[in-house]
Amino acid sequence: MIKSLATIVVVVVAVIFLSLISVKVQGHKEENSGTKAIVVNESMTIGQFGEVNGIANPHLKKVLQLESKNDLNKNILQAGLTREQLIQRFTKDLTLKAEYESRNWIKIPLKFILTIGVLVLVFIFLRKRKITTTNRIIFLGSSVFVFGVLLGSDPNPMGTVKDAIVLFGTKHVIFPPRMVALTLFLLMVLLANKFICSWACQFGTLQDLLFQLGRKKERNGKVFIPQFKVPFVVTNTIRVVFFVLLSAAALFIAVDIVNPIDPFKVFNPAKLGILGAIFAGLILVMSVFIYRPWCHFFCPFGLVGWLLEKISIFKIQVNYDTCIACRKCEQSCPSSVMGAILKRDRIIPDCFPCGICIEACPTKSISFNKGRRTNPPHGKFHEVG
């Protein structure tokens, strides 16, 4: 147990330390933390309005459709908009401008290209039943290092949902690139059951890696570290409540409740803050004992992805003709999902196709395949208790 815990601690410290170095070496482009309030005074000229609010003349000309430079000397209220309309229009415009400027437009497409490459590789391994304990840890560790340490915390699946809600709620703005990213991530969920979360989400793979490192067993079969399967009704209830609170806070009081505790900031540790460091630390500690606690208890994308994975093309399937009802797949599964898939007797929780069930099945009855799941023959599992 001491050796396993020491390995886990080393991994976490290495991720934080290497992330600090990575951010310092590469430089960090500040994410948009909000635009200042627009100031409008009835005595202002259009030019003065621009100076006070930090809006360049060409931008004023474009937004207000000015015809000449002399129009800058007109009173701001002669621009054809009311005070409220001016505030709304420029708040939206400056917010979008700040969002564009805060993004690293080299890293973002690079991350998507690498994501597709990694997911295709893992997909091939899963389809061929080649995911083992060893290469699972290699894949997870590589994703943490590439998508988190090297390429940073953004974009990430959670942020696409959270930021869309928060930006619309606080600024009444929709940021098109963010919606494109959300669409691509959801498409990945639709094609292969929550694949993006499983193998390319930087914080998701970090949680998974810590859990897998704690799964090692002694020769007598006892586990080094006790691990628990929290009932889905508990995890999903908390996640739904959190999603409602996130949405309500953004839409009604214009507050982002995730930002202060955003665990993805472990890949930019200087931005964590005290509350964020405490929360991220708790999630990482929980990850050793509970499979992907952030994903199951809090993640907005996790909730949306869980709904969409019901119609995923490729998913974990059971061949009941060859299944001997030994339930080794259910016992080895890090969460309660395989029991639900196997017996089809309750709502199926989130399935992160880690391949553990495929590896554990002695008759190769579990596969990652396309099509609808079938129901088990009546009494198949009752016979073995």
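The shown structure was predicted, so the numbers you read here are calculated from the model rather than taken from an experiment.
Between Leu86 and Ile38, the closest side-chain pair of non-hydrogen atoms is not below 4.5 Å. With contacts defined as side-chain heavy-atom distances shorter than 4.5 Å, the pair Thr45/Lys74 does not qualify. Using a 4.5 Å cut-off on side-chain heavy atoms (C-beta onward), Trp294 and Leu206 make no contact. Inter-residue side-chain proximity for Lys364 and Arg129 is flagged as met; some heavy-atom pair is nearer than 4.5 Å. Using a 4.5 Å cut-off on side-chain heavy atoms (C-beta onward), Ile274 and Ile278 make contact. Side-chain contact between Ser367 and Asn319 is absent, with no heavy atoms from C-beta onward closer than 4.5 Å. The shortest side-chain heavy-atom distance between Ile137 and Leu213 falls under the 4.5 Å cut-off. When side chains are defined from C-beta on, Phe123 counts as touching Phe368, because their heavy atoms get closer than 4.5 Å.
Rounding to the nearest 0.5 angstrom, the gap separating the CG atom in Asp256 from the OG1 atom in Thr170 is 7.5 Å. Note that the SG atom of Cys351 and the CD1 atom of Ile316 stand 5.0 Å from one another [nearest 0.5 Å]. Put simply, CG on Leu342 and CG on Asp345 are 9.0 Å apart, with the number rounded to the nearest 0.5 Å. Annotation: the span from Asn193 atom CG to Ile348 atom CD1 amounts to 9.0 Å, rounded to 0.5 Å. Separating the CG atom in Leu303 from the CD1 atom in Ile238 is a distance of 13.0 Å, to the nearest 0.5 Å. Note: Glu99 CD to Glu101 CD = 10.5 Å, rounded to the nearest 0.5 Å.
For the residue pair Lys380 and Cys323, the shortest heavy atom distance occurs at NZ-O, 2.8 Å.
Taking hydrophobic clusters as Ile, Leu, Val, Met, Phe, Trp and Tyr residues chained together by side-chain heavy-atom distances below 4.5 Å, Val149 does not share a cluster with Val10. By the criterion of side-chain heavy atoms lying less than 4.5 angstrom apart, applied directly or through intervening Ile, Leu, Val, Met, Phe, Trp or Tyr residues, Leu150 is not grouped with Ile113; the two fall into different hydrophobic clusters. Residues Ile21 and Val13 fall into different hydrophobic clusters, defined by Ile, Leu, Val, Met, Phe, Trp and Tyr side chains chained together at heavy-atom separations under 4.5 Å.
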(request) Using the side chain to side chain contact (heavy atoms under 4.5 Å, CB included) rule, take Gln207 and Ile283 through it: C-alpha gap first, then chi angles, then the decisive distance, then the call. (result) CA-CA 8 Å; Gln207 294 172 89; Ile283 293 294; 3.9 Å; yes
(message) salt bridge (charged side-chain N to carboxylate O under 4.0 Å, His left out), that's the test. Do Lys265 and Asp262 meet it? Break it down for me.
(response) CA-CA 6 Å; Lys265 290 180 182 178; Asp262 185 354; 5.4 Å; no
(request) Applying salt bridge (charged side-chain N to carboxylate O under 4.0 Å, His left out), run through Glu67 and Lys61 and close with a yes or a no. (result) CA-CA 7 Å; Glu67 295 180 356; Lys61 183 178 180 181; over 6 Å; no
(request) Verify ring-ring contact (aromatic ring centres under 6.0 Å, His included) between Phe195 and Phe314, making sure each step is shown before the conclusion. (result) CA-CA 10 Å; Phe195 232 48; Phe314 282 87; 9.1 Å; no
(request) Decide salt bridge (charged side-chain N to carboxylate O under 4.0 Å, His left out) for Glu330 and Lys343; before the verdict, give the C-alpha distance in whole Å, the side-chain angles of both, and the deciding distance to 0.1 Å. (result) CA-CA 10 Å; Glu330 179 183 0; Lys343 291 177 273 189; 3.3 Å; yes
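Donor-acceptor pairing under 3.5 Å is recorded for the side chains of Thr132 and Asn135. Remark: the Glu359 side chain and the Thr133 side chain contain an N/O donor-acceptor pair separated by less than 3.5 Å. Under the 3.5 Å distance criterion, with hydrogens and angles disregarded, no donor-acceptor pair is assigned to the side chains of Thr322 and Thr363. Donor-acceptor pairing under 3.5 Å is recorded for the side chains of Lys107 and Gln26.
Remark: Arg292 is not positioned above the aromatic ring of Phe211, lacking an NZ or CZ atom under 6.0 angstrom from the ring centre and at most 45 degrees off the axis.
When each of Asp154, Thr160, Thr183 is paired with Arg178, the side-chain hydrogen bond (donor to acceptor under 3.5 Å, both in side chains) condition holds for Asp154 and for no other.
In this structure, the ring of Phe203 has its center no less than 6.0 angstrom from the ring center of Phe267. Checked against the 6.0 Å centroid threshold, Phe125 and Trp199 do not count as a close aromatic pair. Taking the six-membered ring for Trp, Phe185 and Phe112 have ring centres closer than 6.0 Å. Here Phe228 and Tyr291 keep their ring centres 6.0 angstrom or further from each other.
Heavy atoms from other residues, nucleotides or ligands lying under 6.0 Å from CD1 of Ile253 number more than 12. Applying the 6.0 Å contact sphere to NZ of Lys310 captures more than 12 heavy atoms from other residues, nucleotides or ligands.
The residues Asp350 and Arg239 are annotated as salt-bridged, a charged nitrogen and a carboxylate oxygen being separated by less than 4.0 angstrom.
Between Phe279 and Phe298, the angle of the ring planes goes over 60°, which puts this pair in the perpendicular group of the 30/60° scheme.
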